[in-house]
Amino acid sequence: MFVTLHGAANEVTGSCYLIETGNARLLVDCGMFQGSKHLERLNFIPASIKPKELDAVVLTHGHLDHCGRLPLLVRNGFQRKIYGTDATLDIARLILTDAAKIQVDDTDRENRKRAKAGQQAVKPLFNLSDVERVFKLFSPQKYNKWFPVAPETSVELVEAGHILGSSSVIIVAGQNGGKRRLVFSGDLGQWDIPLNRDPAEIDRADAVFMESTYGGRNHPAYEETVTELRNCINEAIENKGKILVPTFAVGRTQQLLFHLFDLFRKGELKRIPVYLDSPMALAATQIYSRHTELLDEDAKDFFSGDNIYHYLPNLKLCTTALESQALNDVEGPCLIMAGAGMCDAGRILHHLRHNLGLPNTLVLIVGYQAKESFGRRLIDGANPVKIMGQTVFVRAKIKSVQGFSAHAGQTDLLRWLEPLARHKTKLFLTHGEPHQLNELRFKVEESFQVKAEVPSIGDVIEL
Ligand SMILES: [Zn+2]
């Protein structure tokens with residue numbers, strides 16, 4: 001049996017494993033590389049994957065770096081089933097549709113420039129009809145229930161606690177009369193945080209491929225993170241300013257809505273108007289409402305039916321661009337959640353352009369900001385900044401609250417691994433920057449006396 005890494009090796013995006021047994025060929029994830037031009041050049045389907053000969057694809061969850069190359073796979077001839085939990089496939093639909101629109105818009109813009117310069121037009125990586133062909137292959141599966149994906153090959157999806165629907169993938173495949181059991185962690189979440197259930201315990205495997213995003217460190221304590229959020233918002237309310245929260249549509253938005261509700265309910269925050277200025281975040285919230293059975297007990301009631309609007313009567317939705325622009329005339333204090341999460345595109349840009357120059361504005365950053373993103377530059381104190389062609393002198397307060405991560409920190413990663421390590425599994429660390437991988441490798445070897453390998457992209461592992 002062979003496992004080939006076609007992404008997320010020594011870095012965090014492009015997750016894609018090819019598993020080949022004597023009887024079956026399948027992919028676990030088929031994600032997009034993101035973060036730099038250099039990485040984006042890797043967004044193709046390597047010939048060795050042979051899409052026409054694949055038996056199946058299994059998705060761990062719906063983030064783009066785990067499903068974003070599916071349209072390319074289908075265009076290259078893959079026509080079998082794509083498995084995932086029901087919620088994962090709902091989220092993948094939302095995220096791939098959005099990605100297709102961005103691809104087409106970006107390419108149109110680029111081609112207008114190229115036309116002026118007399119250069120040849122370029123094509124988008126994929127478009128809406130490509131993603132529609134992907135959706136036709138979706139086959140939703142239940143958690144904790146084995147299903148066959150190829151001859152002598154079965155899969156079980158178990159809770160990974162990362163985002164709604166996220167799963168670790170267990171594969172049992174027949175080989176030479178025996179059976180091999182492989183575990184792919186997928187992205188793992190933190191234990192004991194609101195909304196997501198805790199990652200499931202997996203106790204046995206012949207080989208484990210484990211994510212290592214935060215392998216080298218722990219997050220701040222979750223309660224402290226919520227307290228910090230509350231204190232920042234209260235200060236901005238006193239200053240009667242606008243609170244701009246660049247938000248990721250799936251996961252972070254719902255987490256924040258839940259905490260705002262909880263803080264309002266306890267009387268720890270004044271009920272200021274909250275604007276959800278993101279149709280995509282609204283659509284993602286509706287997916288959460290459709291799958292409340294997957295949420296932890298606290299969140300179930302909040303996301304059921306229309307409860308969110310009863311519990312948050314001060315929540316206002318901005319679906320149209322006009323409604324979004326109208327927020328420019330709204331007086332503070334108020335809180336505006338808008339995408340994109342790293343401030344590189346989307347409606348957050350016009351809010352920043354209008355409000356960064358005001359000293360009573362608070363830009364509250366609650367998500368990961370990549371190195372070259374606009375959000376990262378704001379945190380690093382860039383001033384003045386250029387937004388939508390306009391130079392703005394930053395007088396607003398920029399505050400980054402860390403700790404809401406959807407990823408397990410080092411202690412939680414070790415907690416997940418412990419039962420597997422007890423059985424001396426073969427361990428491969430993936431989905432992490434080199435220093436995170438190395439620190440986790442050291443910690444794993446020290447804690448469990450299990451040797452961990454850190455494979456590179458393109459490596460073929462024989463098991
Ligand atoms: Zn993820």
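Note that this is a predicted model, so its numbers are computed, not measured. We count ligands from 1, going down the list as the structure has it; atoms in each ligand are counted the same way.
Nearest N/O/S atom of D187 relative to the Zn ion (ligand 1): this is OD2. H61 contributes NE2 as its N, O or S atom closest to the Zn ion (ligand 1). Nearest N, O or S atom of H63 to the Zn ion (ligand 1): atom ND1.
Proximity of the aromatic rings of H162 and H63 is defined here by a centroid distance below 6.0 angstrom, and this criterion is met. With ring centers used as reference points, F404 lies under 6.0 Å from H259.
For the pair E40/Q34, no side-chain contact is recorded, criterion being any heavy-atom separation below 4.5 Å from C-beta on. Using a 4.5 Å heavy-atom cutoff, the side chains of L244 and L364 are not in contact.
Counting backbone and side-chain atoms alike, H66 contributes no N/O/S atom closer than 2.8 Å to the Zn ion (ligand 1). Residue contacts to the Zn ion (ligand 1): D65 brings no N, O or S atom closer than 2.8 Å.
No cation-pi contact links R376 to Y368, judged by a cut-off of 6.0 Å to the six-membered ring centre and 45° from its axis.
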